[in-house]
Amino acid sequence: MDIKKLKPVFFIASILMAVIGTTLYMGSYFSGLLFILAAVVLFLAYKWLESGTAALLGLIKAGAQALMVPVFGIAIAIVLGALVMLASNYDPVESYRALFYGAFVQNWHVSVLNAAPLMFTGLSVALAFHAGLFNIGAEGQYYIGAMAATFLGLNLNLPPFLSLILIFVIAGMLASAWNIVPAILKVRTGAHEVITTMMLAHTARYLSPIFIRAHGGDPSTSDHAYVTDQLPEANWLPRFRSFLPEANYRLHVGILIGIAMALLVYYLLYHTRIGFEIRAVGQNKDAARAQGISIGKNIMMALLLAGFLAGLAGVNQVVGLDHKLYENLSAGYGWNGISVALLASSHPIGVIFTALLWGALDAGGQYMARVTDTSNSIVEIIKGIILFLVVAKYIYAYLGNRIRRYRRRKQEAAEGAA
Amino acid sequence: MSAPQDTKQVILETKDIVKQFPRVLANNDVNITLHEGEILSLLGENGAGKSTLMNVLYGLYTPTSGKILLNGQEVQFNSPKDAIDLGLGMVHQHFMLLDPFTVTENIILGSEPGKRGTIDYKQARREVKEISEKYNLKIDPDAPIETLSVGLQQRVEILKALYRRAKILILDEPTAVLTPQEVDELFEVIRDLRNSGVSVIIITHKLEEVMAISDRVYILRGGEVVGERNTSDTDKTDLANLMVGREVVLTVEKEDKQAGDTPILTIEDLRVLNLKNFPAIDGLSLDVKPGEIVGIAGVDGNGQTELAEALMGLLSVDSGKITHLGDDITHMGTKELIGRSISYVPSDRHRFGLILPMTIGENIMLGYHDRKPYVRGIQLNYKYINSHAEELVEAYDIRTPDVQNPAEKLSGGNQQKVILARELSREPTFLLVSQPTRGLDVGAIEYIHKQILAMRDRNVAILLISLELEEIFALSDRIEVLYEGKIVKEFDPKKTSHKEVGYYMTGGKE
Ligand SMILES: Nc1ncnc2c1ncn2[C@@H]1O[C@H](COP(=O)(O)OP(=O)(O)O)[C@@H](O)[C@H]1O
Ligand SMILES: [Mg+2]
């Protein structure tokens, strides 16, 4: 029998292994990793069947190349971070040990809890980038998503899964509606989305105290200050504990939804005509228009999808982790989503990993601050350096492109008009 | 008037010039000599290394190795200033003039007469006048640059070099921006300069210009000098073969063909406003019949862009009517137009033709990405996209390792072939081609012209917009002269001349 016929089997098996591995990993690192490794091997086999040895090697090479800049950036950032610690009289060895132990072993569940919302906001910003748009206001869409989820979670009384699905869909749609005005302004008047989404982000953020007061929050009492009522348990996201006894009790399945969403966004961008149009508009809107692609429609589409994704981050926090909405409890997931997207060079699969890295650095930093004297702000410094070094790559690439384009234009004008 | 060749003294000489850029060997052991009072051409395709060599001579680039001899003495230029001091002048393709300033101010800029930071404007003005009279380069010394035509601006650049006492003048593709009339005037000026003892190097990739103006020519290919000829001993075919490195057909054979009777496309009294709300197309009427190539001749900026964009639904029509196969398409969107067998090869292929970071396959699909079999439901069918692209890569001789290669990795000629492959394979009834060979080599031009003529043979109605008269004459069955947004004259290419068409292109009246 032709082994090529087995291609889809390999693909599906690989995805299955990945899901199982990721899930198990929340409880037991060993078995989880084993499954994830199996998934990688199966995926490589699938690729090999699909396109042969040369293409597979090319893929691995391209992957390694893509990883080079971030890995390099992280390594340098760690070294520079050590220098900063030395300069400020902290012990870098002890601090880093605590940081990594906290991030990847002791408090891995915190890393994951941090990463889930970052995945959604990172995807939101990344998707908008593909259309050439900067959804800097993801923070606002996050708040709308969170408020909507709280409202629905408090009021919906349906069979558990049905209400959860409704919460995700409706709250996501409301968050996406938050981007309608910026989208219309962009299409109609060219108003820059950086300004409009940013302004609406602040608006959304300052709507939240009003919303909280209306749903249980009462600053005059101490037991119910600045927080809404709690969602009924039926509307909570399932937790890993319920089927993996070793898992931390707070760990919920939001991370799996995040990963699934990343795969979905990847599929959308690279395998559908909708994504193709978005990328075409983002990369060259004049050429896209000349081939009949509507720029306005795609700006609209990208900003609405971005709003939807950022909104899911808020939903995830409310139905997954907090089960209520706190005032002033913003970890800046919207803003950090920008870093996560940049770091992944807007690749949806890359976002999974950069979100985990960012989440892990935060979790590790907290742990480090608790068990050593080293201040948590070191982590912020390291994050800043990583981002700078990795984004600097885009600066080089951007400059390189500019120079190339300029040269080409010059050369072409020189040779061409003749 | 020119003196016999052999008695002339060598004024400038390069010895084994090598210029290595990070990835390109742009000049490889280039030896050329320039005699006093001669007009020397440097002929070569895009990227042959002509500009690089001149920039080395002018002190803009330092050669990797090799020597420059001026009057037999080795010289080293660390910057253009050194070159200028020793009597070299260069007119770049892009003029380096300051718009709001006057002619005199621009000419003296950088070497102003006067003492201690003051400028003796009167003296400057007098000197400029003197030089312009001496070399017979008429110009108003007080005119602001922005009020001058491109031809006159070029004249200012030349004066600027002469003001600095240039004995050697380098002109990099000077005719690229000029109308046929202006080219004639420039050539007059160059001959006058030679007769007053200035040596001129003129860079070009146009064969007829080499033949028209120069005494001698070096042919460059791939960074090397592949030939040297006295213009009197050579012809265009010889030069083209040297330049391309194989036998090329300069003017593709065009058979007579009877166009169909019913026009495929009709434009009636079209008016199109440009972005500044100015009527860029103002009362234009035209029709194109099946199996006919209608060539729009005109100087750039007379409405070519607006005409093309209005036809393709990219710019809205103010008034008038466009009909395609009997249907009114005046206000139809681009997508619909593409859907009704109208194809478009835009003049700016990087901006409007291709999405450079996308693959060849994706670029070929672009525009048809929402129809079967490119897409099933919403899912793109990459298997078909790529295999279809492979067929076209084969059929249109696109040089690329594979169809997953991003378009930006291709050479200009191959990029244009991708666009042609996309547009021609869609079996258009009407084909709009704008500047199809801009910036391309003789070899690629030959290929593209053949493809366009093949479409004509298949009874496609073709509207060709080109700034190049050569191209208009080579392809058109009918020439329409576009001037200030109107068709001012129609010609049968067999019964007219470049001169006559050029006359109407610049607004000549009957
Ligand atoms: N500054 C530069 N850096 C790198 N490569 C260059 C540079 N300038 C020109 N080149 C390359 O050198 C070659 C010769 O270019 P050029 O001298 O401009 O050719 P020409 O003027 O004959 O068209 C081309 O391949 C071009 O891409
Ligand atoms: Mg050049």
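Order of the sequence lines sets the chain letters (A, B, ...), proteins ahead of strands, with each chain counted from 1.
Ranking B/Leu314, B/Val183, B/Asn381 against chain A, the residue ahead of the rest is B/Leu314, based on heavy-atom pairs under 4.5 Å. The residue among B/Arg376, B/Met312, B/Met358, B/Lys335 with the most heavy atom pairs within less than 4.5 Å of chain A is B/Met358. Chain B forms more heavy-atom pairs under 4.5 Å with one residue of A/Leu268, A/Ile274, A/Ile293 than with any other, namely A/Ile293. Chosen from B/Leu337, B/Leu366, B/Ile203, the residue pairing most often with chain A at heavy-atom distances under 4.5 Å is B/Leu366.
If you measure heavy-atom distances from B/Glu470 to chain A, you find no contacts under 4.5 Å at all. Contact annotation for B/Leu354: only backbone heavy atoms (N, CA, C, O) come within less than 4.5 Å of a heavy atom of chain A. For B/Glu423, the part lying under 4.5 angstrom from a heavy atom of chain A is the side chain only.
Only one option out of B/Leu311, B/Ile342, B/Val345 pairs with B/Leu432 in a side-chain contact (heavy atoms from CB on, under 4.5 Å); it is B/Leu311.
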Item to complete: Apply side chain to side chain donor-acceptor pair (under 3.5 Å) to B/Thr437 and B/Glu468, showing your working.
Response: CA-CA 9 Å; B/Thr437 57; B/Glu468 313 233 4; 5.3 Å; no
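Residues passing the side-chain hydrogen bond (donor to acceptor under 3.5 Å, both in side chains) test with A/Thr189, sequence neighbours excluded: none.
Using a 4.5 Å cut-off on side-chain heavy atoms (C-beta onward), B/Leu467 and B/Gln435 make contact.
Separation of the A/Tyr270 and A/His347 ring centroids falls under the 6.0 Å cut-off.
Between B/His369 and A/Phe276, the ring-plane angle classifies as tilted under the 30° and 60° cut-offs.
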